[in-house]
Amino acid sequence: MNPQTYESEIQKKWQQHKAFASPTSAEMQGKQKFYMLVMLPYPSGRIHMGHVRNYTLGDMVARFQRMKGAVVCHPLGWDAFGLPAENAAIQHGVHPAVWTRQNINDMKAQIIKMGISYDWDREIATCFPDYYRWNQWLFLKMWERGDVFRAERNVNWCPALGTVLANEQVIEGKYERTGDPVIQKPMEQYFLKITKYAEELLNDLDTIDWPDNVKAMQKHWIGKSEGAIVEFAILPTTQSASTPLTTIKVFTTRLDTLYGVSFMALSTEHPLITTAAESDPSLREFCNRIASMSREDRLICETKEGHPTSIQVLHPLTNQPLPVFAANYILMDYGSGAVMGVPAHDERDNEFAKKYNLPIVQVIQTPNPDDPWEKGILINSQQFNGMTSDQAVTAMVNQLKGKAQKATTYKLKDWGLSRQRYWGTPIPTVHCPQHGVQPVAESQLPIQLPEDITFSGIGPSPLTTSTAFLNATCPQCQAPAQRETDTMDTFVDSSWYFLRYLDPKNQQLPFSKAEATAWLPIDLYIGGIEHATAHLVYARYFHKVLRDIGLTTCNEPFKKLICQGMVLKDGYKMSKSKGNVVDPDQVIEKYGADALRLFMAFAAPIEKEIDWTGFEGIEGATRFLKRVSRLVEEHCQQTQNQTPSLPPKPQMSTEEKKLMHKLHTATKHITDDLETRYQFNTVISSLMELLNDITALPKNSPNRPSIMHQALTTFIRLMSPAAPHLAEQLWEQTGGTGFCMHAQWPQADPAWLETDQQEIVIQINGKVRGRITLPSNATEQERKTAALSCPTAQPHLADKTIQKIIVPPSGKLISIVVKN
RNA sequence: GCCGGUGUGGCGGAAUGGCAGACGCAGUCGACUCAAAAUCGACCGCCCAAAAGGCGUGGGGGUUCAAGUCCCUCCACCGGCACCA
């Protein structure tokens, strides 16, 4: 029978019997739980090989855990808000909701064809009011907690279209579609105070089982550095009276180099520079030039550039006046946007000082004179001379009294939430002429997206075209107010979706605490490495907020994370524009879902990239499945479903005992690989080895029917997570009851893991010189004696002095050390 | 530049300090066949005619009875971040 027919029949049966259903917390009855999660897909319309790989491997774990007896939650949903739907609306006139709906239906059908065991009763789509109302609810909770604020930040502004663009739409400073120039324009936006959790987000990385590279990326993203904030007083006569500032605050990790400061550099966006530029045309021109550069250009342009100002500051210890520059290498959004220039001990300051002829004063003696950027011993620093860098920092903070404090800064920035888009969660606030920005009352949720929208791709957010939507009342004074037209970043949607799966129909809360407590943390999360920072940081942050609101109890949502490698074609990522997309549907059409799954699991370790090009290997997967079917077929014909019970061990032939041993060692390996090592390629190779050994059992083996029955029914269950359709088919054929996917997972019997006889390798001076077979219970002395009399070892022992004989605990090897 | 990782046959890869190359793909030869496909069997790292033996996990060094695996160092490649004060 060909896979195309039986696979869909089995899928129907699974569906009819709700075979993938998972219980609520009340129904769990103290059973071991397992929450298997994959990153929710964007409904682009077609599944691709990356999805296939991700979902196959997740499904293997889910199916394995079910057979092991765990209650398994294995859901899928749709990350359904986002730009492509809006583009489809602009280009093809189809409403984003319609387009998205259709794509979800198409993709769901494809995923069902893969035989992935998702509990579709838990399905969610983030674009439904059912879901996004809880984004709004959470926003209001965070507002109450004071975790939401409004501030200005630059956006990509396309003056020709009058539209804000996403980073991905801007290429080399131009709108990718029209080529219109894009500039940076400050705009008032909503922010979430993620920085409040910076320290915890950093520290808790040590408590989770994640890949090193992802942890490293997150650490770098959070970017903690410890140092001090020091104040430099502005010489009053050197700046215009209009500025309120009397000091400049500077963050430094090297307060010990304070005596080496010869200038101060400020970001071109620093308020002090902005004010100074008002009365200094040359400075203004410099700042404008830097501001007009796109982010990309700024990174490419590596030369340090500065512009002098009339401002001077006083050195806090020596009271010497120091010049203040505006400089292109100072970032406004890190530290305080100001740097104390220490040319002798900072590479960038050094370059800058040389260019502008500023004094370079060495104040640190470093262990390696060629590396002046390191810490060392202070010199030229008056009473601090002779101190180590670390001692000096403490001493200087004390000396400077209120003018310096130890401080910690992070690269992590507060999360800019606002998007000037239609297809997203409306931010639940109104603008009242009297009371400013006000959150709406909880009772008004959901604030629904209006349908009467025209999508032109130009002008402000499409939401501004719906007057019905815009008209609102102020919750404070009930006077007319204008509804907020910004929508939320779609990362909000994906920051807590895994909790909504647990209670998808809840009308009172985003999810109940009981469900969250019962199912969290997620035991295994699989997804692409591209989400190593943004999504995985935001989701961790949201989870901590939810914990602090009292909705969840654990600190970290994802206990174990695996990032799967990409599926390539001809060395490139598959993409429509390259025309190298391999459609999973066509592969299933030709080979069946089981073959594709098997191949995906076998091709390479999960975290590595695989290239579809080199892999006629799927033929191998097909061959394997055919061999299994044929073997079971033959066995059933021969035995007519008579299944005598297994004879006691002494009555078995040597070959039969060997097969039984293999059956149990394979069971052990496959169990380990699926349970702890998450190494899927060796699951498949173990299955192949086992199949080879089962096939090799002699036709005239005395207990063949019973041994074969035992071997095959075990094999079918071991194969079931990877190739569930064929397993189901063969399970029925061999007389199994119920679904194979619900059958009990085979257990490795320790008695069968041992063998009566053992082959022992004899090494002499590290080289293999012979092998002997001994009873497994032979003593160490017997092993040594036998090894020394091994014929092939004799030539290497003659005329030599034996110095040492080592028998390692496994007993599988004996190492003899000899000397001439 | 900094951080993380990888390096094993023609290819994908296996190997918890204990027989390197499991398993598969490709290939070669054979069986079956009128023939082909499918299937089954054998071979399949390098040197030597072969056996015996030697060499061999990016290069060099070290620890160990024993190193693909641990340590040092260099090289190459991949990924991430990148003027982070």
Side-chain angles (χ1 to χ4, degrees), chain A residues 211-221 223-225 227-228 250-255 257 264-265 267 298-299 301-305 327-331 333-342 345-349 351-352 409-413 529-530 532-533 563 565-566 598-599 602-605 607-611 613-621 623-624 626-627 630 669 672 677 679 681-692 695 759-771 792 795 803-818:
Chain A
D212 287 342
N213 60 334
V214 177
K215 284 191 186 184
M217 279 187 235
Q218 292 214 348
K219 271 190 187 143
H220 194 265
W221 218 56
K224 179 180 182 175
S225 58
V250 169
F251 174 74
T252 175
T253 54
R254 294 297 303 277
L255 188 63
T257 62
M264 170 141 310
S267 163
R298 244 165 131 164
L299 290 177
C301 158
E302 274 174 9
T303 51
K304 311 265 168 302
E305 268 191 88
N328 67 341
Y329 70 99
I330 314 299
L331 307 171
D333 51 17
Y334 182 78
S336 58
V339 165
M340 61 178 216
V342 186
H345 301 290
D346 181 280
E347 214 171 340
R348 293 151 305 184
D349 296 346
E351 198 189 316
F352 191 83
T409 38
Y410 301 88
K411 285 185 218 170
L412 183 70
K413 285 184 253 170
I529 186 76
E530 65 272 22
T533 44
C563 293
M566 284 198 297
L598 216 44
F599 170 69
F602 184 52
E607 68 282 355
K608 288 195 80 167
E609 289 181 341
I610 55 178
D611 196 316
T613 319
F615 291 111
E616 297 84 1
I618 191 150
E619 304 276 1
R623 269 198 282 274
F624 169 81
K626 279 189 195 156
R627 284 180 62 201
R630 213 178 314 128
H669 284 144
D672 281 354
R677 300 206 318 155
Q679 190 162 307
N681 54 333
T682 51
V683 169
I684 310 303
S685 56
S686 295
L687 285 170
M688 287 171 168
E689 278 179 51
L690 179 56
L691 178 66
N692 290 344
T695 314
E759 190 186 59
I760 297 168
V761 170
I762 299 163
Q763 281 187 355
I764 297 171
N765 285 0
K767 296 220 155 70
V768 179
R769 298 299 186 187
R771 325 167 161 261
T792 56
Q803 300 208 303
K804 229 194 253 188
I805 304 178
I806 296 148
V807 183
S810 71
K812 281 190 284 192
L813 177 140
I814 290 176
S815 184
I816 304 170
V817 187
V818 299

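The structure displayed is predicted, hence computed values, not measured ones. Throughout, protein chains are lettered first and strands after them, A, B, ... in sequence-line order, and every chain is numbered starting at 1. Excluded from the calculations below are hydrogen atoms, water molecules and symmetry mates; all remaining heavy atoms, backbone and side chain alike, are included.
- At a threshold of 4.0 angstrom between heavy atoms, the contacts of A:Pro605 are confined to the sugar-phosphate backbone, with no base atom among them.
- B:U64 sits 24 Å from B:G54 when the P atoms are compared, rounded to a whole Å.
- Residues A:Arg627 and A:Asn692 are in side-chain contact: their nearest non-hydrogen atoms beyond the backbone lie under 4.5 Å apart.
- Across B:G59 and B:C65, the matching C1' atoms stand 26 Å from one another, rounded to whole Å.
- The nearest whole Å value for the distance from the CD1 atom in A:Ile610 to the P atom in B:C25 is 16 Å.
- Atom NE2 of A:His220 is separated from atom CG of A:Asn213 by 14.0 Å, given to the nearest 0.5 angstrom.
- Side-chain proximity of A:Asn681 to the nucleotides B:A85, B:A22, B:G13 is greatest for B:G13.
- Here A:His345 contributes atom NE2 and A:Thr257 contributes atom OG1; the two are 7.0 Å apart, rounded to the nearest 0.5 Å.
- Under 3.5 Å, the side chains of A:Ser267 and A:Tyr334 contain no donor-acceptor pair of N or O atoms.
- The side chain of A:Val339 approaches B:A85 more closely than any other nucleotide in the set B:A85, B:C83, B:G80.
- The nearest whole Å value for the distance from the CG atom in A:Asp349 to the C1' atom in B:A85 is 7 Å.
- Checking the phosphate oxygens (OP1, OP2) of B:A38, no side-chain nitrogen or oxygen of A:Arg623 falls inside 4.0 Å.
- Closest contact between the side chain of A:Asn692 and the listed nucleotides B:C23, B:A85, B:A14 involves B:C23.
- Note that NZ of A:Lys608 and CG of A:Asn681 are 10.0 Å apart. Values are rounded to the nearest 0.5 Å.
- Both key distances under 3.5 Å define a Watson-Crick or G-U pair, and stretches of 3 or more such consecutive pairs in RNA chain B run B:1-7 with B:75-81, B:10-12 with B:23-25, B:27-31 with B:39-43, B:45-47 with B:53-55, B:58-62 with B:70-74.
- Put simply, the side chain of A:Leu813 reaches to within 4.5 Å of the side chain of A:Gln763, judged on heavy atoms.
- Residues A:Ile684 and A:Phe624 are not in side-chain contact: their nearest non-hydrogen atoms beyond the backbone lie 4.5 Å or more apart.
- In this structure, A:Glu607 reaches neither bases nor backbone, as no heavy-atom distance under 4.0 Å exists between it and the strands shown.
- The residue A:Asp212 sits close only to the backbone: its heavy atoms come under 4.0 Å of sugar-phosphate atoms, none of a base.
- One cannot find a donor-acceptor pair under 3.5 Å joining the base of B:C19 and the side-chain atoms of A:Lys812.
- Under the 4.5 Å side-chain criterion, counting only non-hydrogen atoms from C-beta, A:Asn765 is in contact with A:Val817.
- Rounded to whole Å, the separation between the C1' atoms of B:G17 and B:U69 comes to 7 Å.
- Between the P atom of B:G12 and the CG atom of A:Asp611 lies a distance of 10 Å, rounded to the nearest Å.
- Straight-line distance between the P atoms of B:G24 and B:A14: roughly 15 Å, to the nearest whole Å.
- Rounding to whole angstrom units, NZ of residue A:Lys304 and P of B:A82 are separated by 15 Å.
- A:Lys413 has a carboxylate O that lies under 4.0 Å from a charged side-chain N of A:Asp333, or vice versa, which qualifies the two as a salt bridge.
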side-chain contact (heavy atoms from CB on, under 4.5 Å) between A:Val250 and A:Met264, worked out: CA-CA 9 Å; A:Val250 169; A:Met264 170 141 310; 3.6 Å; yes
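- For the OP1/OP2 pair of B:A85 and a distance below 4.0 Å, the side-chain nitrogens and oxygens of A:Ser225 include at least one atom meeting the criterion.
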Polar pairs (N or O, both sides) under 3.5 Å between protein and nucleotides 50-60 of chain B?
from  : atom 1 : to       : atom 2 : distance (Å)
B:G54 : OP1    : A:Arg769 : NH2    : 3.1

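- Taking A:Phe602 as the reference, nothing meets the ring pair (Phe, Tyr, Trp, His ring centres under 6.0 Å) condition, with sequence neighbours excluded.
- If you take NZ of A:Lys626 and C1' of B:C40, they are 14 Å apart, rounded to a whole angstrom.
- Of the inter-residue distances, the one linking A:Ile762 atom CD1 with A:Ile816 atom CD1 reads 6.0 Å to the nearest 0.5 angstrom.
- Residues A:Lys608 and A:Pro808 both approach RNA chain B. Their nearest nucleotides, taken by heavy-atom distance, put A:Lys608 toward the 5′ side.
- Shown here are the salt bridge (Lys or Arg N to Asp or Glu O under 4.0 Å) partners of A:Arg677, two or more places apart in sequence or in another chain: A:Asp673.
- Backbone-only engagement by A:Gly620 is indicated by non-hydrogen atom pairs under 4.0 Å involving sugar-phosphate atoms exclusively.
- B:G53 and B:C40 have their P atoms separated by 35 Å, given to the nearest Å.
- For B:A15, the OP1/OP2 oxygens have a side-chain nitrogen or oxygen of A:Arg677 closer than 4.0 Å.
- To the nearest angstrom, P of B:C2 lies 23 Å from NZ of A:Lys224.
- Rounded to an integer number of Å, the gap from CZ of A:Phe602 to P of B:C23 is 10 Å.
- The distance from the CZ atom of A:Arg623 to the CD atom of A:Glu619 is 6.5 Å, given to the nearest 0.5 Å.
- Looking at heavy-atom distances under 4.0 Å, A:Gln803 makes no contact with the nucleic acid at all.
- Where A:Ser336 and A:Trp221 each meet RNA chain B at their nearest nucleotide, the meeting point lying more 5' is that of A:Trp221.
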Got a list of protein N/O to nucleotides 62-71 of chain B N/O distances below 3.5 Å?
from  : atom 1 : to       : atom 2 : distance (Å)
B:C65 : OP1    : A:Lys804 : NZ     : 3.0
B:C65 : O2     : A:Ser815 : OG     : 2.6

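- Across the P atoms, B:C81 and B:C11 are found 31 Å apart, a figure rounded to whole Å.
- Considering only the side chain of A:Phe251, B:A85 comes nearest among B:C19, B:A85, B:C83.
- If you measure from atom NZ of A:Lys411 to atom C1' of B:C83, you get 11 Å, rounded to the nearest angstrom.
- Contacts of A:Tyr329 classified as ring pair (Phe, Tyr, Trp, His ring centres under 6.0 Å), with partners at least two apart in sequence or in another chain: A:Phe352.
- Of the candidates B:C19, B:G24, B:A85, B:A85 carries the atom nearest the A:Ile330 side chain, counting heavy atoms from C-beta on.
- Using a 4.0 Å heavy-atom criterion, one finds that A:Lys215 contacts no nucleic acid atom at all.
- Out of B:U39, B:A85, B:G4, the shortest distance to the side chain of A:Thr253 is found at B:A85.
- B:G41 and B:G56 are spaced 30 Å apart, taking the C1' atom of each and rounding to whole Å.
- With both ends at atom C1', the span from B:A20 to B:G68 equals 8 Å, rounded to whole Å.
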